[in-house]
Amino acid sequence: MKTMRPKPGANDLTTQSATTTAEIGAPTPPSGKTVFVKTYGCQMNVYDSERIAESLAPSGFRPVATPEEADLVVLNTCHIREKAAEKVYSELGRIRKLREARRAEGKDMVIAVAGCVAQAEGEEIFARASAVSIVVGPQSYHRLPALMREAEAGTRTIDIDFPAKSKFEALPERPHPAAPAAFLTVQEGCDKFCTFCVVPYTRGAEFSRPPSQVLGEAERMARAGVKELTLLGQNVNAYHGEAEDGSVWSLARLLKAIAAIPGIERLRYTTSHPADMREDLIAAHRDLPVLMPYLHLPFQAGSDRILAAMNRRHTAADYLRLIDRIRAARPGIALSTDIIVGFPGETEEDFRHTLRVVEAVGYAQAYSFKYSPRPGTPAAALSDQVPDAVKSERLDRLQQLLNAQQAAFNSACVGRSFSILLERKGRKPGQLTGRSPYMQAVHVAAEERLLGQIVDVEITASGANSLTGVINRRDHHGMVQDMKRESDAYGR
Ligand code: SAH
Ligand code: SF4
Ligand code: F3S
């Protein structure tokens, strides 16, 4: 088993590995090279992929939409579960064939592996995938332009350091953002060491960006038209940024300062750990209208014995009390969570405690996973691993319950009106897609000129994962009524 460096975490959504082609990018000379970045894993990787593309812009790299056209292909990878990590190797096989096709046309392609697999596996990647020339970790990708020069000179290069000076200080200032809703990483790494999790090893120790750096980035984004910001961190609610005057800012204080930036109309943050949900942050949900009524708060397991073995630092009763306090502060808040089934030693009785927590809370949406033993983590070495068939059966039962809760939450929205930020073109012509305050995707019949606007939408239909709606006529009386309806919507 490979040991990883014990350094520094995410809400992850590896189930939905996104392909990001950062279309952002300062104008570059047309003679320049091209880069394609593919993203796996959590939102932090989505943010990193954008910054990877931006870091290459000053060296003349222009982002392109497909790997076929790229001089440099970067796979920004995720190591959270075995499946996520293995996906990278099958993709590398495909990319290598594309490179052969380019070589037949007299062009070349440099292949780089970035992200959490790069950090965890390091040199081993060269051994398993000989086409790879660059391996670069999540804290050192600002060095990609230099690594690229070495790769072009024919040298394989690896940089998986955790530099003392953060990448944020070295990266070029962000260009004009492409979308009205954007991510902003404020905290990285994790010191919690849950026994199942690779993040403390792949991302390094917990680290908070200074408030002035975050506020500067948020202000520039707002000036460029960003209306919704999601603050990111593997443990974002452990944020403790040191200001120039020596004071230490909590996430609540940071949210309040960002809420005051003109143009920022909606705020979110993810992912939070229950043990770091402090009183001032809970109060922010009551006091900050721009803070959206949605919270992703993983609980992982409902059995106290399993929670202790996971090193989660809370019991099921602690979690339920916390949910009560959050709901008291912000009635109607929509909740989301992460759950693992089949952690070593989990019995049927333990698993029933997980179902009971889900029943007690009532989630608007959730992510659930079969436990995947990860190299170098303490839980992988436990002897009482749960058979895969048992994990699958528990996951099925859990997902049936979660899907029913999500469907009920979605169908309760029909007939209600919400403000929707129209973020992108929809799948059908004449449709734009955005998110409700509760994070649901909403497909709205709307003209393209409304892209980037926040509109008042009446929900006409609900599906398993999304809603459909039409724009309300904006008379004053109607608006007032709709807002009232929205605030009544989710008191449970
Ligand atoms: N920082 C967040 C979550 C980080 S990882 C938190 O503390 O809650 C995202 C999710 O992946 C976790 O919440 C967990 O549910 C899941 N996960 C992490 N390691 C896993 C593993 N080894 N097997 C299965 N799921 C895992
Ligand atoms: Fe992983 Fe636990 Fe850290 Fe979350 S808190 S990133 S699950 S170690
Ligand atoms: Fe995110 Fe996956 Fe790394 S969840 S932090 S990209 S291991």
Side-chain angles (χ1 to χ4, degrees), residues 4 6-18 20 38-49 75-85 87-88 113-121 137-139 141 183 185 187-206 232-238 269-277 295-301 306-307 310-314 319 336-344 346 354 366-380 382 385-386 388 391 394-395 398:
M4 290 173 287
K7 283 279 197 94
N11 80 42
D12 146 83
L13 310 170
T14 326
T15 35
Q16 349 161 302
S17 64
T20 312
K38 179 158 181 168
T39 313
Y40 301 84
C42 63
Q43 291 100 324
M44 307 208 61
N45 262 12
V46 175
Y47 176 88
D48 285 342
S49 289
L75 300 187
N76 194 15
T77 62
C78 173
H79 199 245
I80 200 83
R81 283 168 293 276
E82 190 180 356
K83 249 195 214 149
K87 236 189 262 175
V88 174
V113 175
C116 291
V117 174
Q119 193 65 44
E121 298 188 359
Q139 307 305 354
Y141 62 75
F183 292 142
T185 294
Q187 180 275 333
E188 285 227 30
C190 180
D191 295 342
K192 294 273 189 304
F193 290 92
C194 300
T195 56
F196 52 81
C197 185
V198 293
V199 171
Y201 311 94
T202 62
R203 289 273 166 172
E206 206 179 283
L232 299 180
Q234 274 90 3
N235 262 310
V236 72
N237 59 343
Y269 61 92
T270 199
T271 293
S272 299
H273 191 291
D276 291 319
M277 223 41 231
L295 180 65
H296 181 72
L297 197 60
F299 80 91
Q300 314 297 1
I306 298 295
L307 284 167
M310 288 176 160
N311 189 31
R312 285 294 290 182
R313 304 154 195 246
H314 62 79
Y319 182 84
S336 160
T337 197
D338 290 342
I339 303 168
I340 295 176
V341 300
F343 183 84
E346 185 189 71
T354 296
Y367 301 91
S368 48
F369 313 100
K370 289 198 263 186
Y371 169 69
S372 169
R374 307 305 292 129
T377 59
L382 296 174
Q385 299 289 327
V386 174
D388 189 61
K391 289 185 204 171
R394 288 181 190 162
L395 189 67
L398 175 61

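Just so it is clear, the structure is predicted and the values come from calculations on it, not from any experiment. Counting convention: from 1, in listed order, for ligands and their atoms alike. Each residue takes its place number in the sequence, starting with 1.
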Practice task
Check step by step if side chain to side chain contact (heavy atoms under 4.5 Å, CB included) holds for T354 and F299.
Solution key: CA-CA 9 Å; T354 296; F299 80 91; 4.2 Å; yes
Completion exercise
The answer for which part of Q300 has a heavy atom under 4.0 Å from ligand 1 is side chain
Exercise for the section: Using a cut-off of strictly less than 2.8 Å, determine whether C78 has an N/O/S atom near atom 3 (Fe) of ligand 3. Expected result: no
Problem - T77 side chain to V117 backbone, donor-acceptor under 3.5 Å - result: yes
Practice task
State if H79 counts as touching ligand 3 under the rule of any non-hydrogen atom under 4.0 Å.
Solution key: yes
Practice task
Look at the side chain of N76 and the backbone N and O of N45, then say whether any donor-acceptor pair between them is shorter than 3.5 Å.
Solution key: yes
Practice task
Enumerate the atoms of ligand 2 whose separation from the nearest heavy atom of F196 is less than 4.0 angstrom.
Solution key: 7 (S)
Handout entry: Contact partition for I80 relative to ligand 1, non-hydrogen atoms under 4.0 Å
Key = both
Practice task
Give a yes or no on whether the backbone of H273 and the side-chain of N237 come within a donor-acceptor separation of less than 3.5 Å.
Solution key: yes
Completion exercise
Here the atoms of ligand 1 under 4.0 Å from any heavy atom belonging to K370 are 23 (N), 24 (C)
Exercise for the section: Could you grab the distance from atom CD1 of I339 to atom CG of L395, nearest 0.5 Å is fine? Expected result: 9.5 Å
Problem - Heavy-atom donor-acceptor pair, R394 side chain to G342 backbone, under 3.5 Å - result: no
Fill in the blank from the handout: C116 heavy atoms within 4.0 Å reach ligand 3 at atoms 3 (Fe), 5 (S), 6 (S), 7 (S)
Exercise for the section: Could I get the full list of ring-ring contact (aromatic ring centres under 6.0 Å, His included) partners for F196, not counting sequence neighbours? Expected result: none
Handout entry: Distance filter under 4.0 Å to C194 heavy atoms, resulting ligand 2 atoms
Key = 2 (Fe), 5 (S), 7 (S), 8 (S)
Exercise for the section: Measure P298 to ligand 1 on non-hydrogen atoms and call it side chain, backbone, both or neither using the 4.0 Å cut-off. Expected result: side chain
Problem - Which of the ligand 2 atoms, numbered from 1, are nearer than 4.0 Å to a heavy atom of F193 - result: 8 (S)
Practice task
Mark up the atoms of ligand 2 that fall under 4.0 Å of a heavy atom belonging to C190, in ascending order.
Solution key: 3 (Fe), 5 (S), 6 (S), 8 (S)
Practice task
Would you confirm whether T195, through its side chain, and P378, through its main-chain N or O, come within 3.5 Å as a donor-acceptor pair?
Solution key: no
Practice task
Taking only heavy atoms of H273 into account, list the atoms of ligand 2 that are under 4.0 Å away from them.
Solution key: 5 (S)
Fill in the blank from the handout: Taking only non-hydrogen atoms of D338 and a 4.0 Å limit, the atoms of ligand 1 in range are 9 (C), 10 (C), 12 (C), 13 (O), 15 (O)
Problem - Element-labelled atoms of ligand 3 that are located less than 4.0 Å from some non-hydrogen atom of N45 - result: 6 (S)
Practice task
Find out whether C42 and C78 are in side-chain contact, i.e. whether some heavy atom of one side chain is under 4.5 Å from a heavy atom of the other.
Solution key: no
Practice task
Take every heavy atom of K192, measure it against each atom of ligand 1, and state whether any distance is under 4.0 Å.
Solution key: no
Handout entry: R312 and ligand 1 - part of the residue with a heavy-atom distance under 4.0 Å
Key = side chain
Problem - Any N/O pair S272/ligand 1 closer than 3.5 Å - result: no
Problem - Check: L295 and S272 side chains under 4.5 Å, non-hydrogen atoms - result: yes
Problem - Any N or O of R374 closer than 3.5 Å to N or O of ligand 1 - result: no
Handout entry: For ligand 1, the portion of F196 having any non-hydrogen atom under 4.0 Å away
Key = both
Exercise for the section: Quick one: list whatever passes salt bridge (charged side-chain N to carboxylate O under 4.0 Å, His left out) with K192, sequence neighbours left out. Expected result: D276
Practice task
May I ask you to check whether S372 has an N/O atom sitting below 3.5 Å from an N/O atom of ligand 1?
Solution key: yes
Problem - Distance flag, aromatic centroids of F193 and Y201, threshold under 6.0 Å - result: yes
